[in-house]
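Chain letters run A, B, ... following the sequence lines, proteins first and then strands; every chain starts at 1.
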2 protein chains.
Amino acid sequence: MELAEGKQKFIEAWGRIGSEWGINRTMAQVHALLLISPDALTTEEVMDELNISRGNANMTLRDLINWGLIEKQHKPGERKEYFAADKDIWNVARQVAKERKKRELEPMLKVLKELSTVEGDKNDKAYATFNKSVTDINKLANNADSMIDTMLKAEESWFWGSVLKIFK
Amino acid sequence: MELAEGKQKFIEAWGRIGSEWGINRTMAQVHALLLISPDALTTEEVMDELNISRGNANMTLRDLINWGLIEKQHKPGERKEYFAADKDIWNVARQVAKERKKRELEPMLKVLKELSTVEGDKNDKAYATFNKSVTDINKLANNADSMIDTMLKAEESWFWGSVLKIFK
DNA sequence: TTTTATTTTCAATAATATTTGAAAGTTTAG
DNA sequence: CTAAACTTTCAAATATTATTGAAAATAAAA
C-alpha cells in the first residue's frame, strides 16, 4: 500500500474508533493527522487536509489541547500558530485515561458513594437488590480507579510487563 | 436518601455514563432499571417506569439481549415475555469488554496490521513518522487485546487480586 | 495610529441519532 | 377457524450534535 492511501485509512480508522468511544469524529481525525505529521501544522493546513471549516478546525484544535494531546508551537519570525501532537503513544493512552477518569469515573464514584447511603430493610427485596448492584459496581469502579492511578504513574514497559506476566 | 430517589439517581447516572461511552442513553437506563429490579419485568413495565414508547422499549430490550446483558424469561401460564438482567457485575464487565473487543478492537487491529505493510524509505520523514505511530499503536492495541483475553477468562477476585497486588 | 494577518466566536444550518406510534405480524386461546 | 394478546417493524417526527462561515476580536507590522 502507498503512503498516501495508508494515511487516509489511518485517519479514517482513528476517526471511526473515536466516535465509537464518544469522541467526536473530527477531533479524532485531526489528532490522527497530527500523529503522522513529522512537522507541526497550521490551522490552514489542517483545514485543507481534512476539508473542514476554519471554525471547526479552531474549536477542535482547542479541544485537543484541553485533552492534553497536542500543543501549540510558534516558529521564530512567523506569526501563525503551529500544532503538534505528542507522538509518544503511551503518553496519549495515559492522557486519555487521565481525562476520562476525571470527567467520568470520578463523578460516577461520587454518585455511587452517595447511593450506598440509601437506607432500607434488608428483608425488602427491592432494597436488597438495589443495594447489591450499587455496592458491587462501587467495588468494581474503585478497582478500575486504582488500576488507572497505577497506569498514570507507570512506564509503559513496566506496566505491560507486569500485567502481561501474570496473564500467561 | 430514600430508595425511590436512589433508584432514579442510579438510572440517570448509568444512562449518562452509557452515553459518554457510546452506548445510547435509553439502553443504559433500561439496563440500570433491570439491574436493580428484584424481579423480571415486562416490556409494559419498562415503558411505564422510564416513560418510553413501546417501539423504543422493544428495540432497546433486543439490543441488550444482543449485548448479552439481559435475558428473556417466561412465566408458566403467562403469555407475556419477561426480561431480567444478569446481576453479576463482573459478568457485565466481561460481557461489555467482549462485545467491544469484537466490534471495535479487532477491526482496528486488522486495519493496523494492514497499515504496517505500507512500504517506504526510512529516510523519508513522512514515512518514518507514519510508520512509528502505526507500529506503536499496534503494540499498545495488542497488549490491550491480551489483557482483555485474560480478563474474559478470569474470576473477578483472581483478576483484581493479581492486578492490584503489583500496583501497590 | 492604521493596516493587515490571524484567531475566535456563535447564530444559523446541516447531519446524525433517537424516539414515536400506528400498522403489520405473530402466537395462543377459545 | 377467529379473536384477543402480545411483539415487531419502520417511516416520519423530534431531539441532539456537529459544522459552517462570516463577523468580531486580537495582535503584530507598518
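Pairing each heavy atom of A/V134 with each of A/L112, the nearest pair is CG1-O, 3.9 Å. In this structure, A/M151 and A/A97 approach most closely via the heavy-atom pair CE-CB, 4.0 Å.
Between B/F83 atom CZ and D/dT7 atom C1' there is a gap of 9 Å when expressed in whole angstrom units. The CD1 atom of B/I65 sits 8 Å away from the P atom of D/dT8 (whole-angstrom rounding). Rounded to a whole Å, the CD atom of B/E78 is 16 Å from the C1' atom of C/dT27. The CD atom of B/E81 sits 19 Å away from the P atom of C/dG25 (whole-angstrom rounding). The CD-P distance, from B/E45 to D/dT7, rounds to 11 Å in whole Å. Computed from coordinates, the A/K72 NZ to D/dT26 P distance equals 14 Å when rounded to whole Å. What separates CG of A/D63 from C1' of C/dT8 is a distance of 13 Å, to the nearest Å. Between the OH atom of B/Y82 and the C1' atom of D/dA5 there is a distance of 13 Å, given to the nearest Å.
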Item to check | Criterion salt bridge (charged side-chain N to carboxylate O under 4.0 Å, His left out) on A/E12 and A/K9, from CA distance to verdict | outcome: CA-CA 5 Å; A/E12 192 196 306; A/K9 285 209 177 175; over 6 Å; no

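In this model, a side-chain donor or acceptor of B/R79 finds a partner on the base of C/dT27 within 3.5 Å.
In this structure, the side chains of B/F83 and B/I70 come closer than 4.5 Å at one or more pairs of heavy atoms.
A sub-4.0 Å separation between OP1 or OP2 of C/dT7 and a side-chain N or O of A/N58 is absent. Between A/N24 and D/dT19, a side-chain N or O to OP1/OP2 separation shorter than 4.0 Å is present. Phosphate contact (OP1/OP2 of D/dT19, side-chain N/O of A/T26, threshold under 4.0 Å): present.
Contact annotation for A/N56: base contact, defined as any heavy-atom pair under 4.0 Å involving a base atom. Here A/E44 lies out of heavy-atom contact (under 4.0 Å) with every strand.
Open room surrounds NZ on A/K139; 12 or fewer heavy atoms of other groups in view lie less than 6.0 Å from it.
Sequence order on DNA chain D of the closest nucleotides to A/M59 and B/R62 puts B/R62 first from the 5' end. Positionally, the nearest nucleotide of DNA chain C for A/R54 lies more toward the 5' end than for the other of A/R25 and A/R54.
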